[in-house]
Amino acid sequence: MSFIVERIETKIEFFEAFDLRTLERKIEEQIHNNKVLLLDVKSVQHQATFHPQADKMLYTAVVHFAVKQLP
(Lines give C-alpha, C1' and ligand atoms only; values in the text may rest on other atoms or scores of the structure.)
Protein backbone atom coordinates (compact mmCIF):
# COMPACT_ATOMS: atom_id res chain seq x y z
CA MET A 1 0.00 0.00 0.00
CA SER A 2 1.33 3.43 -0.88
CA PHE A 3 0.13 6.91 -0.10
CA ILE A 4 0.39 9.85 -2.44
CA VAL A 5 0.50 13.14 -0.60
CA GLU A 6 -0.02 16.30 -2.60
CA ARG A 7 0.54 19.74 -1.23
CA ILE A 8 -2.17 22.37 -1.61
CA GLU A 9 -0.53 25.37 -3.26
CA THR A 10 -3.46 27.75 -3.58
CA LYS A 11 -6.89 28.01 -2.03
CA ILE A 12 -9.73 30.54 -2.29
CA GLU A 13 -12.35 30.87 0.43
CA PHE A 14 -15.53 32.96 0.63
CA PHE A 15 -16.98 34.51 3.79
CA GLU A 16 -20.11 36.46 4.67
CA ALA A 17 -21.61 37.99 7.80
CA PHE A 18 -24.04 40.70 8.87
CA ASP A 19 -21.41 42.54 10.92
CA LEU A 20 -17.72 43.25 10.43
CA ARG A 21 -16.64 41.74 13.75
CA THR A 22 -18.10 38.33 12.82
CA LEU A 23 -16.62 38.49 9.33
CA GLU A 24 -13.20 39.30 10.75
CA ARG A 25 -13.46 36.45 13.28
CA LYS A 26 -14.35 33.94 10.53
CA ILE A 27 -11.40 35.06 8.39
CA GLU A 28 -8.96 35.00 11.33
CA GLU A 29 -10.09 31.47 12.21
CA GLN A 30 -9.39 30.26 8.66
CA ILE A 31 -6.02 32.02 8.58
CA HIS A 32 -5.11 30.04 11.70
CA ASN A 33 -6.41 26.78 10.17
CA ASN A 34 -4.56 27.33 6.90
CA LYS A 35 -1.24 27.94 8.65
CA VAL A 36 -1.25 24.21 9.37
CA LEU A 37 -1.32 23.67 5.59
CA LEU A 38 1.57 26.18 5.24
CA LEU A 39 -0.68 28.67 3.45
CA ASP A 40 -0.49 32.46 3.89
CA VAL A 41 -2.93 35.14 2.82
CA LYS A 42 -2.05 36.35 -0.66
CA SER A 43 -4.95 38.77 -1.15
CA VAL A 44 -8.27 39.83 0.33
CA GLN A 45 -11.22 41.43 -1.46
CA HIS A 46 -14.27 42.63 0.41
CA GLN A 47 -17.63 44.19 -0.31
CA ALA A 48 -20.65 45.49 1.57
CA THR A 49 -24.17 45.52 0.21
CA PHE A 50 -27.64 46.04 1.61
CA HIS A 51 -29.60 42.81 2.15
CA PRO A 52 -33.29 43.77 1.70
CA GLN A 53 -34.75 40.61 3.26
CA ALA A 54 -32.67 40.95 6.43
CA ASP A 55 -33.01 44.77 6.30
CA LYS A 56 -29.32 45.26 7.11
CA MET A 57 -25.88 45.33 5.55
CA LEU A 58 -24.23 42.11 4.36
CA TYR A 59 -20.44 42.02 4.39
CA THR A 60 -18.60 39.55 2.15
CA ALA A 61 -14.94 38.72 1.60
CA VAL A 62 -12.88 36.55 -0.71
CA VAL A 63 -9.52 35.44 0.68
CA HIS A 64 -6.84 33.92 -1.55
CA PHE A 65 -4.41 31.70 0.34
CA ALA A 66 -1.12 30.59 -1.25
CA VAL A 67 1.93 28.57 -0.27
CA LYS A 68 4.24 30.37 2.15
CA GLN A 69 7.27 31.85 0.43
CA LEU A 70 10.50 30.97 2.16
CA PRO A 71 12.95 33.86 2.69
Side-chain angles (χ1 to χ4, degrees):
M1 179 190 285
S2 65
F3 291 98
I4 299 174
V5 179
E6 291 187 31
R7 183 175 177 186
I8 297 173
E9 293 190 19
T10 187
K11 182 178 179 184
I12 297 175
E13 295 191 38
F14 301 87
F15 304 90
E16 67 179 16
F18 286 110
D19 63 88
L20 288 173
R21 183 170 289 145
T22 303
L23 183 66
E24 183 177 337
R25 184 180 41 77
K26 288 179 178 182
I27 293 170
E28 288 292 330
E29 185 177 304
Q30 279 309 107
I31 289 172
H32 177 72
N33 292 339
N34 286 327
K35 284 186 179 186
V36 174
L37 300 173
L38 299 175
L39 297 175
D40 276 337
V41 174
K42 184 172 182 179
S43 69
V44 177
Q45 295 180 346
H46 56 87
Q47 182 175 351
T49 187
F50 183 74
H51 191 290
Q53 294 170 335
D55 197 33
K56 53 183 155 181
M57 296 300 289
L58 177 65
Y59 302 93
T60 60
V62 178
V63 182
H64 181 195
F65 295 93
V67 171
K68 285 185 181 182
Q69 299 299 319
L70 299 175

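This one's a predicted model, so the numbers in the text were calculated from it and none came from an experiment. Atom set for the values below is all heavy atoms of this structure, side chains included, hydrogens, waters and symmetry mates excluded.
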A.B. asks: Answer yes if Leu20 and Met57 sit in the same cluster of Ile, Leu, Val, Met, Phe, Trp and Tyr residues linked by side chain heavy atoms under 4.5 Å apart, and no otherwise.
C.D. replies: yes
A.B. asks: Under the side-chain contact (heavy atoms from CB on, under 4.5 Å) rule, collect the residues that match up with Arg21, sequence neighbours excluded.
C.D. replies: Asp19
A.B. asks: With sequence neighbours excluded, tell me which residues meet side-chain contact (heavy atoms from CB on, under 4.5 Å) with Val44.
C.D. replies: Val41, Val63
A.B. asks: Once ring pair (Phe, Tyr, Trp, His ring centres under 6.0 Å) is applied, do any residues pair with His46, and if so which ones, sequence neighbours excluded?
C.D. replies: none
A.B. asks: What residue pairs, at least two apart or across chains, pass salt bridge (charged side-chain N to carboxylate O under 4.0 Å, His left out) with a residue in residues 22-41?
C.D. replies: none
A.B. asks: For Val62, which fellow cluster members are found when Ile, Leu, Val, Met, Phe, Trp and Tyr are connected by side-chain heavy-atom distances below 4.5 angstrom, either directly or through intermediates?
C.D. replies: Ile12, Phe14
A.B. asks: Supply the members, apart from Leu58, of the Ile/Leu/Val/Met/Phe/Trp/Tyr cluster built from side-chain contacts under 4.5 Å; use none for a lone residue.
C.D. replies: Phe18
A.B. asks: Under the rule for side-chain hydrogen bond (donor to acceptor under 3.5 Å, both in side chains), what residues qualify as partners of Ser43, not counting sequence neighbours?
C.D. replies: none
A.B. asks: Not counting sequence neighbours, which residues clear side-chain contact (heavy atoms from CB on, under 4.5 Å) with Leu37? List them please.
C.D. replies: Ile8, Lys11, Asn34, Leu39
A.B. asks: For residues 47-54, please give each side-chain donor-acceptor pair under 3.5 Å, one per line with the distance, not counting sequence neighbours.
C.D. replies:
unit_1: His51; atom_1: ND1; unit_2: Gln53; atom_2: N; d: 3.4
unit_1: His51; atom_1: ND1; unit_2: Ala54; atom_2: N; d: 3.0

